[in-house]
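Below you'll find the structure, written out as structure tokens, and then a few comments.
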Amino acid sequence: MAVRASTAFRNAALNGDSIAALIDGDSGNGSIEFFTSTVHATFGNPPGGTKIATVTLANPSFQDSASGAMTANTIQSDVSADATGTIGCFVLKDSGGNICLDGSVTTIAAGTGDIQFASVTATAADTIAMTSLVISIPQT
């Protein structure tokens, strides 16, 4: 399954507005939440399953884009897992808690996930480490 984006997210990209400004627009920080289920069939609905962890983005969340890609600023590292399970999907939320992106999570070895970890198996209190995030809009 491909990463999916909200209309506001796509419009921000298409209209020349900053996607980072959309993510940072409210008073809080953007975040990425990881769940045990697959991506919800209807965009904008949170996935089912158990929420394993939440990783907080910096504010501002991303550097200026270059070559159709933007790299996240410092991501909260070494987050403690809230629950036990196998991570299957993620949602990226803006600072107001609205879902902007969702997608799949797999191991690096599988190589098919929109986000890839060395391991997708988590036990409560395990460390979830996310060292980088790049969002790109492919050239067509």
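Here, residue 1 is the first one in the sequence, and each next residue gets the next number. The figures that follow rest on heavy atoms only: side chains count, while hydrogens, waters and symmetry mates do not.
- Looking at Phe62 and Ile19, their side chains never come closer than 4.5 Å, going by heavy atoms from C-beta outward.
- Proximity of a side-chain donor or acceptor of Thr50 to a complementary backbone N or O of Ile52 within less than 3.5 Å is not detected.
- Closest heavy-atom contact between Lys51 and Ala83: O-CB, 3.8 Å.
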Open item on the list: Quick one, Asp24 with Asn59, criterion side-chain contact (heavy atoms from CB on, under 4.5 Å). Give me CA distance, side-chain angles, the key distance, then yes/no.
Closed with: CA-CA 6 Å; Asp24 299 334; Asn59 191 349; 3.6 Å; yes

TODO: Under the side-chain contact (heavy atoms from CB on, under 4.5 Å) rule, what do Val55 and Phe90 come out as? Steps first, then yes or no, please.
DONE: CA-CA 10 Å; Val55 174; Phe90 75 93; over 6 Å; no

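- No side-chain heavy atom of Cys89 sits under 4.5 Å from any side-chain heavy atom of Ser104.
- Between the Gln116 side chain and the Thr106 main chain, no donor and acceptor come within less than 3.5 Å of each other.
- Residues Val134 and Ala69 share a closest heavy-atom pair of CG1-CB, 3.8 Å.
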- [ ] Would you sort out whether Asp126 and Thr121 count as a side-chain contact (heavy atoms from CB on, under 4.5 Å), showing the intermediate values?
- [x] CA-CA 10 Å; Asp126 276 357; Thr121 303; over 6 Å; no

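- Residues Phe35 and Val91 form a side-chain contact, since some pair of their non-hydrogen atoms from C-beta on lies under 4.5 Å apart.
- Of all non-hydrogen atoms in Thr38 and Pro47, the two that sit nearest each other are O-CB, 3.8 Å.
- Looking only at distances, a side-chain donor or acceptor of Asn73 sits under 3.5 Å from a matching main-chain atom of Pro60.
- Applying the side-chain contact (heavy atoms from CB on, under 4.5 Å) test between Val39 and each of Asp114, Asp102, Val105 identifies Asp102 as the sole match.
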Open item on the list: Does Leu57 form a side-chain contact (heavy atoms from CB on, under 4.5 Å) with Ile75? I'd like the steps, not just the answer.
Closed with: CA-CA 5 Å; Leu57 300 173; Ile75 300 170; 4.3 Å; yes

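- Remark: of the listed residues Leu133, Ile99, Asn98, Leu133 is the sole one forming a side-chain contact (heavy atoms from CB on, under 4.5 Å) with Leu92.
- The shortest heavy-atom contact between Lys93 and Ile23 is O-CG2, 4.3 Å.
- The heavy-atom pair separating Ser119 from Thr107 by the smallest distance is CA-CG2, 4.4 Å.
- Side-chain N or O atoms of Ser37 include one that pairs as donor or acceptor with a backbone N or O of Gly48 at under 3.5 Å.
- Heavy-atom minimum distance, Cys100 versus Asp94: SG-CB, 3.7 Å.
- Put simply, the side chain of Thr54 does not reach to within 4.5 Å of the side chain of Ile32, judged on heavy atoms.
- Using modelled atom types and a 3.5 Å distance limit, the side chains of Ser95 and Asn29 yield no donor-acceptor pair.
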